[in-house]
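Below is one structure, written out as structure tokens, with a few remarks after it.
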Protein chains: 4
Amino acid sequence: MVMEEQKSLSFTLDPKSGVPYYKQVILQVEMAIADGRLTTGDQLPTVRSLAVDLKINPNTISRAYREMEIRGIVNTQQGTGTFISEKEIEISAVEREKILASLVRDFVIKANSYGIDMDQVIDYLQEMRDNEPLKA
Amino acid sequence: MVMEEQKSLSFTLDPKSGVPYYKQVILQVEMAIADGRLTTGDQLPTVRSLAVDLKINPNTISRAYREMEIRGIVNTQQGTGTFISEKEIEISAVEREKILASLVRDFVIKANSYGIDMDQVIDYLQEMRDNEPLKA
Amino acid sequence: MVMEEQKSLSFTLDPKSGVPYYKQVILQVEMAIADGRLTTGDQLPTVRSLAVDLKINPNTISRAYREMEIRGIVNTQQGTGTFISEKEIEISAVEREKILASLVRDFVIKANSYGIDMDQVIDYLQEMRDNEPLKA
Amino acid sequence: MVMEEQKSLSFTLDPKSGVPYYKQVILQVEMAIADGRLTTGDQLPTVRSLAVDLKINPNTISRAYREMEIRGIVNTQQGTGTFISEKEIEISAVEREKILASLVRDFVIKANSYGIDMDQVIDYLQEMRDNEPLKA
DNA sequence: GTGGTCTAGACCACA
DNA sequence: GTGGTCTAGACCACT
């Protein structure tokens, strides 16, 4: 029997990383969406509560949320909250294959600049996937 | 006869990463030294040629080289060029891991934004690897 | 002989309109692009200078510029300035016709809700166009 | 026989306009009164039906109606409905012009973002009008 | 010189 | 209660 690891959504900030706080928040939301911890309609923590949690200024959270709103990642309703928006992805398999190929090509070139080869990447990805929670 | 592994040196910049260009250049040089693609005495591209290659302002390359000079990573000889110095570059496993993680994370997020999930990405990469086993 | 009216780019704010300052700035940039006063590569006023001009806080200008950056309208380079980005619009005539039709349909419905008919709209548009500067 | 001009009453909301929903509703009622589509004694849609129509929270419609009640624009009779009161609505030419300008401006900007310029828009609209001269 | 990030705090608007 | 806007001012990073 396997422990059903429940990867809950919790935000953390690394002050030393050099990455701005608001970007760290965005990245964490994006990753949570990518691996299924957040999906369409889910509510994000309120600006104020997350600010308290992370011990930073509410404006900084606000900025992160606003930026995601502009990008269409989340949907904000005054007085109600901020929610993961519906992603309307309607592309054919062919199209998707094309996009994937182009993304991979760019990525390989970039990884190559850092001396990272595909085996490492694949291993890393598999590890990531295997640490995912069972989706509902 | 075995194909000798050809790890070529090539620079890439990601304008959207938020990482300043000059830092991206430094990082790539360091990684190349760390994994043997560059070694003591090797010449770096000239400021101008690299600037043309990357389509950015030569000043930015200059700054990267200057900073590496200060750190003792390279040696600049007026009128001759910039060369890798004797100093050993230590890039910890942790550091490598971080870079890898950040590259992969950005990639996964981007793929996800097109509705491509990790499984598809992994499948694609594996297929790619298996079909071109000898390509660097 | 006709006076060549030179519609210069000057920003103005209407505090009474209820439209947030940063949105007013964005709208004015967008309109300037739409009618040719601003085009690819043109530099916007610096954050600070525009703030002084409009007598508002630089952060507010910053916010407007940042939002346009995210939307891909402008391109920002640290230490250099903010520039109108190249619009890469590559759509076929057929596609464009489709989009236009759909935009117009939505617009007509909306205008209708406000009791505005097409004749008024057309007149208004023609007036707008005729006030444009001669493009270089 | 002449077609009687049919100015129908229909509500629309633009989520991206930044104008709160309740204000958009009020504005549209006011415009309808101003140009005769609604007149003293006419009944407005019920809160619920309009909320369903516009797919928004009934509270938002309530608020719009409440505010119009306060301003004396409408009369709410418990259990019966909401009716246009006797008060005259004066919407100045300036006000109308403003609304028209803002609608058209948003439309032009949007079209422009797809690479469609004003001339194309005007041509399209004129053609439309000329081909369907009798359509409301 | 340029823009970027963050804070602290005020006040407003929506539900 | 929610998020939105704006200010004032500090400090940092890039050219």
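The basis for the numbers below is simple: all heavy atoms, side chains too, and nothing from hydrogens, waters or symmetry mates. All figures in this text were calculated on a predicted structure; none of them were measured in a lab. Below, read A as the first sequence line, B as the second, and so on, with proteins coming before strands; counting in each chain starts at 1.
- Within the 4.0 Å cut-off from OP1 or OP2 of E:dT2, not a single side-chain nitrogen or oxygen of C:T80 is found.
- Counting to the nearest Å, the C1' atom of E:dG4 and the CD atom of A:Q24 are 15 Å from each other.
- The phosphate of E:dT2 has OP1 or OP2 within less than 4.0 Å of a side-chain N or O from C:T46.
- Between C:N57 and B:T60, the one whose closest nucleotide on DNA chain F sits nearer the 5' end is C:N57.
- Counting non-hydrogen atoms of other residues, nucleotides and ligands closer than 6.0 Å to CZ of C:R71 gives a total above 12.
- Regarding C:N59, its CG atom lies at a distance of 13 Å from the C1' atom of F:dC11, rounded to whole Å.
- More than 12 heavy atoms of other residues, nucleotides or ligands sit less than 6.0 Å from atom CD of D:Q43.
- Two residues, B:K23 and C:V19, neighbour DNA chain F, and the one matched to the more 5' nucleotide by heavy-atom proximity is C:V19.
- Atom pair A:L50:CG and F:dG1:P shows a separation of 17 Å (rounding to whole Å applied).
- Atom CZ in B:R63 sits roughly 8 Å away from atom C1' in F:dT15 (whole-Å rounding).
- Here E:dT5 presents its C1' atom at 15 Å from CD of C:E69, a figure rounded to the nearest Å.
- Residues C:S49 and A:K55 both approach DNA chain E. Their nearest nucleotides, taken by heavy-atom distance, put C:S49 toward the 5′ side.
- When distances are taken from the side chain of A:P20 to each of E:dC6, E:dG4, F:dG4, the shortest belongs to E:dC6.
- Between the side chain of D:S113 and the main chain of D:K110, a donor-acceptor pair closer than 3.5 Å is present.
- Protein atom CD1 of D:I56 is 12 Å distant from nucleotide atom C1' of E:dC14, rounded to whole Å.
- Taking atom CZ on A:R48 and atom C1' on E:dA8, their separation rounds to 14 Å, with Å as the unit.
- Rounded to an integer number of Å, the gap from CD of C:Q43 to P of E:dG1 is 15 Å.
- Residue C:Y21 is in sugar-phosphate contact alone, with no base atom involved, counting any heavy-atom pair closer than 4.0 Å across all strands shown.
- For E:dT5, the paired base is F:dA10 (Watson-Crick or G-U wobble, both distances below 3.5 Å).
- Across all strands shown, D:Y22 has heavy atoms under 4.0 Å from sugar-phosphate atoms exclusively, and none from any base.
- How far CD1 of B:I73 is from CG of B:L44: 10.0 Å, rounded to the nearest 0.5 Å.
- In this structure, the side chain of C:E67 does not engage the main chain of C:I26 through any donor-acceptor pair within 3.5 Å.
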